[in-house]
A.B. asks: 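One structure is given below, represented as structure tokens, and several questions about it will come after.
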Amino acid sequence: MKDKNAWVMKALHELPLTMKARAMKHFLRGNKKYMKKGIKADMDAIIKCATCPNMCKFDCPVLEAEKNEAVSPAGKSRIAYFLENDVIGGEYATELMYACSSCDACKEHCPFDFSVAEILRGVRMDIVEEDRVPEKVRSIRDELMEKHILGERSFYGEGKARVIYFAGCTINSERKEIGEAMLKIFERVGEDHDMLKEEWCCGYPLYNLGFMNEFKEFARRNAKIFNESKAEKIVCSCPTCVYVFTHVYPEMGIKIKPSVVHSSSYILQMINEGKISFGERKMSVVYHDPCTLARKLKKDDSRDIIKSIPGIEIREAMLHGRETRCCGRGGQMARVREKTAMEMAERRKKELNAMNADAIVSSCPSCKTALMNGKFYDIAELVAESMIK
Ligand code: SF4
Ligand code: SF4
């Protein structure tokens, strides 16, 4: 961290005295003014980011897709500064606060360890408080408050088993085949498994879009159901559900008693315990790292699973691991900024297709929806298709 900050300190040190004084005056004035208003946004972070030379912007997939400096990481912080200060307003500026896929690519390069997604979350909370939420964003909240899931529910159970499979909104409504593959795997390994009677969304869209009261309602309800069940483990195919249950709920003081794991970790454990074995596959695959596994959770067992299937060759895309590129579906972009989300998906597809592999593999249902063309497997589908029956 010290080394990462060195260039900032050097740059500030080299500023002419008058500029240094002006920057400091702004900083102090900003802090004083905003702290008093009791706003949710972190003005200290906004000011630091807004005055940064946008060091991370070359890696922001939203900027790359929209080619508009206003949606660059520091660009959004600059707009946020003026929005919070009531210097600017209106739909265009407000909508820019949602031009972020929460991919955390900026954080990989930031000397302050900022994720602009986190900075914007506070700004969005203020937008909610001030009742200035754009219609497309409001519609996501309304749908969740009405149906408790985005899309339609397809999987039901009794919630009575050692392992609960939590499918999540995307699998329920768009990617049922991934849920079915996971159920096949549970059957194959003889797991005592079940699904909830009526799954509610983990709440991430509400959290990310700044609807904190609504998010807490979802979190408390989900935690109560899990904690009152006899489940020892919750398995999720969606990396975001894992992140929310293991990081965001605890931050809010909401604890889940069963352990929570991503499907890739569960499957690898089953392979290591000798409960899954594979027949030979003659094929090449390129693995697309979902942002949340690679950057937020920093744990993805999918490559080890693929390597344990005899005959499969893994090809690595130019951007992989923590340098992965967002598929475009993060941060509710597909509903809030559809064209940008589609452009981001097209760009990522090109990078993956350049590897000329027989199939693309990933471990996130949203990535599959965004990037599907030709042969595409979720890790659970690849395992279900390759395991010896
Ligand atoms: S996120 Fe960090 S590196 Fe990127 S513009 Fe903001 S302060 Fe600079
Ligand atoms: S989180 Fe991703 S999309 Fe959002 S500003 Fe950072 S790099 Fe851009």
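Each ligand, and each atom within it, is numbered from 1 in the order the structure gives.
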A.B. asks: Is it the case that the side chain of Tyr98 and the backbone of Leu209 share a donor-acceptor pair, with hydrogens and angles ignored and the cut-off at 3.5 Å?
C.D. replies: no
A.B. asks: Are His288 and Arg348 linked by a side-chain donor-acceptor pair shorter than 3.5 Å?
C.D. replies: yes
A.B. asks: Considering only protein heavy atoms, which is closest to atom 6 (Fe) of ligand 1, and at what distance to one decimal place?
C.D. replies: Cys49 SG, 2.3 Å
A.B. asks: Counting backbone and side-chain atoms alike, does Cys100 have an N/O/S atom under 2.8 Å from atom 8 (Fe) of ligand 2?
C.D. replies: no
A.B. asks: Which of the atoms of ligand 1 are close to Phe112, meaning less than 4.0 Å from one of its heavy atoms?
C.D. replies: 7 (S)
A.B. asks: Would you call the rings of Phe218 and Trp200 parallel, tilted or perpendicular, where under 30° means parallel and over 60° means perpendicular?
C.D. replies: tilted
A.B. asks: Going by the atom numbers of ligand 1, which of them fall below 4.0 Å from some non-hydrogen atom of Cys110?
C.D. replies: 1 (S), 2 (Fe), 3 (S), 7 (S)
A.B. asks: Determine, using heavy atoms of Lys76 and all atoms of ligand 2, whether some pair is separated by less than 4.0 Å.
C.D. replies: yes
A.B. asks: Between Glu316 and Tyr287, is any side-chain donor less than 3.5 angstrom from a side-chain acceptor?
C.D. replies: no
A.B. asks: Just how far is it from atom NE2 of His262 to atom CG of Leu293, taken to the nearest 0.5 Å?
C.D. replies: 5.0 Å
A.B. asks: Can you find a non-hydrogen atom of Ser115 under 4.0 Å from ligand 1?
C.D. replies: no
A.B. asks: Could you tell me which atoms of ligand 1, counted from 1 in the order shown, lie closer than 4.0 angstrom to a heavy atom of Val116?
C.D. replies: 1 (S)
A.B. asks: Find all atoms of ligand 2 within a distance of less than 4.0 Å from any non-hydrogen atom belonging to Val62, and give their numbers and elements.
C.D. replies: 3 (S)
A.B. asks: Quick test: of every protein heavy atom, which one is nearest to atom 4 (Fe) of ligand 1, and how far off is it to 0.1 Å?
C.D. replies: Cys56 SG, 2.3 Å
A.B. asks: Distance under 6.0 Å and angle within 45° of the ring axis: does Lys296 meet both against Tyr243?
C.D. replies: yes
A.B. asks: Distance to 0.1 Å, residue and atom name: give those for the protein heavy atom nearest to atom 7 (S) of ligand 2.
C.D. replies: Cys106 N, 3.4 Å
A.B. asks: Could Lys375 and Tyr377 be counted as a cation-pi pair, given that NZ or CZ must be under 6.0 Å from the ring centre and within 45° of the axis?
C.D. replies: yes
A.B. asks: Can you say whether the rings of Tyr207 and Tyr204 are parallel (under 30°), tilted (30 to 60°) or perpendicular (over 60°)?
C.D. replies: tilted
A.B. asks: Are Phe245 and Tyr249 an aromatic pair by the rule of ring centers under 6.0 Å?
C.D. replies: yes
A.B. asks: Please write down residue, atom name and distance for the protein heavy atom closest to atom 3 (S) of ligand 2.
C.D. replies: Ser101 N, 3.4 Å
A.B. asks: What atoms of ligand 1 come within less than 4.0 Å of a heavy atom belonging to Asn54?
C.D. replies: 5 (S)
A.B. asks: Can the ring centroids of Phe155 and Tyr165 be said to lie less than 6.0 angstrom from one another?
C.D. replies: no
A.B. asks: In ligand 1, which numbered atoms sit nearer than 4.0 Å to a non-hydrogen atom of Pro111?
C.D. replies: 3 (S)
A.B. asks: For atom 2 (Fe) of ligand 2, which protein heavy atom lies nearest, and how many Å away is it?
C.D. replies: Cys103 SG, 2.3 Å
A.B. asks: Starting from atom 1 (S) of ligand 2, find the nearest protein heavy-atom neighbour and note its residue, name and distance.
C.D. replies: Asp104 N, 3.3 Å
A.B. asks: In terms of residue, atom name and distance, what is the protein heavy atom nearest to atom 8 (Fe) of ligand 2?
C.D. replies: Cys60 SG, 2.4 Å
A.B. asks: Could you tell me whether any N, O or S atom belonging to Cys52 is less than 2.8 Å from atom 6 (Fe) of ligand 1?
C.D. replies: no
A.B. asks: Determine whether more than 12 heavy atoms belonging to other residues, nucleotides or ligands lie under 6.0 Å from atom NZ of Lys147.
C.D. replies: yes
